[in-house]
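This report refers to the structure that appears directly beneath it.
Below, read A as the first sequence line, B as the second, and so on, with proteins coming before strands; counting in each chain starts at 1. Since we're looking at a predicted model, the values are computed, not measured. Only heavy atoms go into these numbers, but all of them, side chains included; no hydrogens, no water, no symmetry mates.
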Number of protein chains: 2
Amino acid sequence: MSDKPSPSARVSLDDVALRAGVSTATVSRVLNGSASVRPSRREAVERACEELGYVINRAARTLASRRSMTIGAVVPTLATETFSRPLAAFQQQIHQSGYTMLLASSDFDPDTELKEVNKLVEYGIDALMLVGNSHHPRLWERITQQNIPCIQTFSVDARYPSVGYDNELAAGELTAHLLALGHKVFAVIVGTPPSNDRVSDRITGTRQALAAAGLTLDEANLINSAFTMNEAREAMFRLLDGPNPPTAVICGNDLLAFGAMRAASERYLRIPNDISITGFNDYEYAEHLEHPLTTMRVELDRIGEVAADYLLATLNGETAPVQTLLKPELIVRGSTGSAPRAAKG
Amino acid sequence: MSDKPSPSARVSLDDVALRAGVSTATVSRVLNGSASVRPSRREAVERACEELGYVINRAARTLASRRSMTIGAVVPTLATETFSRPLAAFQQQIHQSGYTMLLASSDFDPDTELKEVNKLVEYGIDALMLVGNSHHPRLWERITQQNIPCIQTFSVDARYPSVGYDNELAAGELTAHLLALGHKVFAVIVGTPPSNDRVSDRITGTRQALAAAGLTLDEANLINSAFTMNEAREAMFRLLDGPNPPTAVICGNDLLAFGAMRAASERYLRIPNDISITGFNDYEYAEHLEHPLTTMRVELDRIGEVAADYLLATLNGETAPVQTLLKPELIVRGSTGSAPRAAKG
DNA sequence: ATGAAAGCGCTAACAC
DNA sequence: GTGTTAGCGCTTTCAT
């Protein structure tokens with residue numbers, strides 16, 4: 001009754017076994033809910049655990065069982081809704097199956113990503129979630145060698161399990177929308193390094209659509225280092241002051257679009273009369289902005305869910321769809337309109 | 001030269017030792033950079049690791065060394081900037097010291113939080129970050145019993161290490177600002193359950209400021225279940241249609257404030273002429289909203305940094321400030337103004 | 001500076 | 001149904 005767990009000696013499974021008057025194997029069985037254990041003994045074990053304040057040692061369990069019950073996830077950064085939202089969904093899902101998440105971020109750098117993945121592998125992750133399909137050449141090598149179920153998110157990739165959408169196509173659709181409105185001078189504001197396959201696919205998509213219309217994207221009108229809203233805003237100022245001011249601006253996400261719109265407004269440009277601006281993702285606030293944003297709606301949560309489901313199924317030896325192609329939806333709102341007729345003054 | 005790591009047998013430290021012609025102890029020393037090992041042997045070990053494609057088994061290391069090199073973090077949810085941003089900073093910081101983050105979320109539920117913490121303890125986390133100061137009664141018991149360095153964030157708490165700000169004070173300041181503008185009828189829109197100490201402290205702060213001015217917060221004007229922008233928007237509609245329509249609305253964060261403003265605008269209420277609205281956190285977009293938001297600026301990243309620094313220092317046996325009180329700053333913008341003179345029509 | 005060997009705390013055969 | 005026992009792969013005295 002009065003024996004509080006002593007703060008010094010960490011109680012182990014042996015202690016529990018001793019106290020319950022059973023073998024360690026029986027304790028282990030009770031802990032794992034496996035095999036049938038006589039109810040009286042089961043209770044004795046449970047009581048002993050309770051009284052001793054027993055905490056299982058997962059490192060030992062992992063070592064002995066060769067399963068860690070952890071799943072790794074590596075995202076470029078946590079500091080944007082784009083990744084934190086699917087991650088939240090992912091985590092919730094794996095949790096329901098008893099897994100814990102080991103999280104790392106790559107900061108958009110393939111070398112860092114590889115290092116982080118290696119570390120996660122050292123920790124014995126049972127499965128892994130990645131973002132994008134462009135990684136360090138040795139990354140997949142390591143994963144397959146270790147035989148770890150893994151899924152890529154945000155981009156589709158015929159070579160590996162993946163859930164995402166066709167970025168090229170999505171950008172093409174967005175561009176076509178703008179083209180149909182008569183725009184001729186485009187600009188792109190995105191926020192990530194060249195290693196980012198999603199961004200480069202989108203740029204490709206835009207370029208192709210443009211080319212099909214006999215247009216090109218002026219190199220000076222491609223800004224690829226805007227991460228925050230304010231950076232997008234400043235990028236927009238530069239575009240407006242540049243050699244070839246656009247009438248249509250395609251932004252990497254809704255936050256960047258918001259920044260771009262602000263800059264336009266501050267220059268007394270009317271949206272969409274003077275300039276059209278598009279976003280990506282359809283964040284919750286997109287429709288509520290001063291100029292409701294035309295954007296591509298992406299099921300961010302769904303990405304995390306599907307990724308988790310795939311991994312969980314694979315871990316259970318079940319089969320799951322290896323490729324899931326999500327279809328973003330073009331949402332046309334007030335931030336885009338017909339290209340201005342007059343030549344710029 | 002040609003012996004690719006065989007995909008079957010996982011190579012262990014013994015294999016490396018064998019190949020390098022040294023003992024396992026020496027390999028371990030090289031791996032840990034500890035003790036002095038003769039350069040020639042060190043090289044031999046490194047080469048063997050490389051050739052064999054050796055990956056250390058952290059479960060084994062953790063078991064033997066009693067340190068996991070992981071740090072746990074439990075946040076209410078990942079799906080909001082409020083927590084994902086400090087978490088990003090936290091993670092980056094602990095990473096630089098070689099730690100990996102084990103992440104769990106409580107979904108604002110103390111029971112869930114306790115369960116998650118227990119699980120993290122099972123995994124052998126070396127330290128722990130928590131949000132808030134109101135937990136399951138047995139939570140701190142477990143942590144102290146296991147002797148795990150731990151810090152609470154967002155709220156300050158004299159009993160335990162913590163980094164945060166005085167929510168009561170902050171809310172009081174915000175309320176005072178509104179009071180000074182002549183407002184008499186207040187409303188509060190927040191998004192979390194009663195177990196959330198930050199929210200309840202803020203409500204208390206507002207109530208006290210109100211009381212000091214001889215006013216009270218109408219129960220009908222306290223909405224505490226708005227999480228998303230749209231929920232805040234709907235909450236606002238209800239307030240406006242309620243028995244006691246407010247002229248001043250205090251929101252739990254900038255996103256909720258955004259939603260509230262939208263609802264007001266949709267009802268053709270002028271901001272701030274007819275109604276004043278405040279946020280919290282000063283998200284990047286707050287100043288760029290159609291009605292620039294009056295809010296409290298909180299150093300979200302700083303919270304994560306300080307928490308990490310404290311834990312890291314403690315882990316190193318150094319001393320670090322146990323209490324860090326951050327001071328939010330009132331940022332007055334266009335979303336607040338003098339209370340309307342006329343009685344409502 | 002290096003090796004031998006004893007664990008760390010658990011699981012999983014295998015016997016009974 | 002239950003106990004015995006041999007590891008899992010590493011770190012860490014303790015000798016040398």
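Taking the side chain as every heavy atom from C-beta outward, E81(B) and E81(A) never approach each other to under 4.5 Å. Residues V30(A) and V22(A) are not in side-chain contact: their nearest non-hydrogen atoms beyond the backbone lie 4.5 Å or more apart. With contacts defined as side-chain heavy-atom distances shorter than 4.5 Å, the pair I151(A)/Y160(A) does not qualify. Between T62(B) and T62(A) there is no side-chain heavy-atom pair separated by less than 4.5 Å. Looking only at side-chain heavy atoms (C-beta outward), R198(B) and S155(B) come within less than 4.5 Å of each other.
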Below 3.5 Å is the cut-off: list the nitrogen or oxygen pairs between protein and nucleotides 6-9 of chain D, distance only.
| from | atom 1 | to | atom 2 | distance (Å) |
| --- | --- | --- | --- | --- |
| dC8(D) | O2 | A64(A) | N | 3.4 |
| dG9(D) | N2 | A60(B) | O | 3.4 |

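Comparing the axis of the opening five pairs of the helix from dA1(C)-dT16(D) to dC16(C)-dG1(D) with that of the closing five pairs yields an angle of 30°, rounded to 10°.
Between S28(B) and dC10(D) there is no side-chain polar atom (N or O) within less than 4.0 angstrom of OP1 or OP2. Remark: R38(A) is in phosphate contact with dT2(D), judged by side-chain N or O atoms under 4.0 Å from OP1 or OP2. Here T26(A) reaches the OP1 or OP2 of dG3(D): one of its side-chain N or O atoms lies under 4.0 Å away.
Paired with S105(A) under the rule side chain to side chain donor-acceptor pair (under 3.5 Å), one option of Q91(B), H95(B), Q92(B) passes, and it is Q91(B).
N32(B) has its CG atom 7 Å from the P atom of dT12(D), to the nearest Å.
R58(A) comes within 4.0 angstrom of nothing in the nucleic acid, heavy atoms only. Contacts of V27(B) with the nucleic acid, taken as non-hydrogen atoms under 4.0 Å apart, are absent.
Residues F108(B) and F227(B) bring their aromatic ring centres within 6.0 Å. Checked against a 6.0 Å centroid threshold, the rings of Y99(A) and F90(A) do not count as neighbours.
A 4.0 Å heavy-atom criterion places the boundary nucleotides of DNA chain C facing chain B at dA1(C) to dG9(C), written 5' to 3'.
A donor and an acceptor atom, one from each side chain of E113(A) and H136(A), are nowhere located under 3.5 Å apart.
In summary, E122(A) and K119(A) do not engage in a salt bridge, as defined by a charged side-chain N under 4.0 Å from a carboxylate O.
Of all non-hydrogen atoms in I71(A) and L128(A), the two that sit nearest each other are CG2-N, 4.3 Å.
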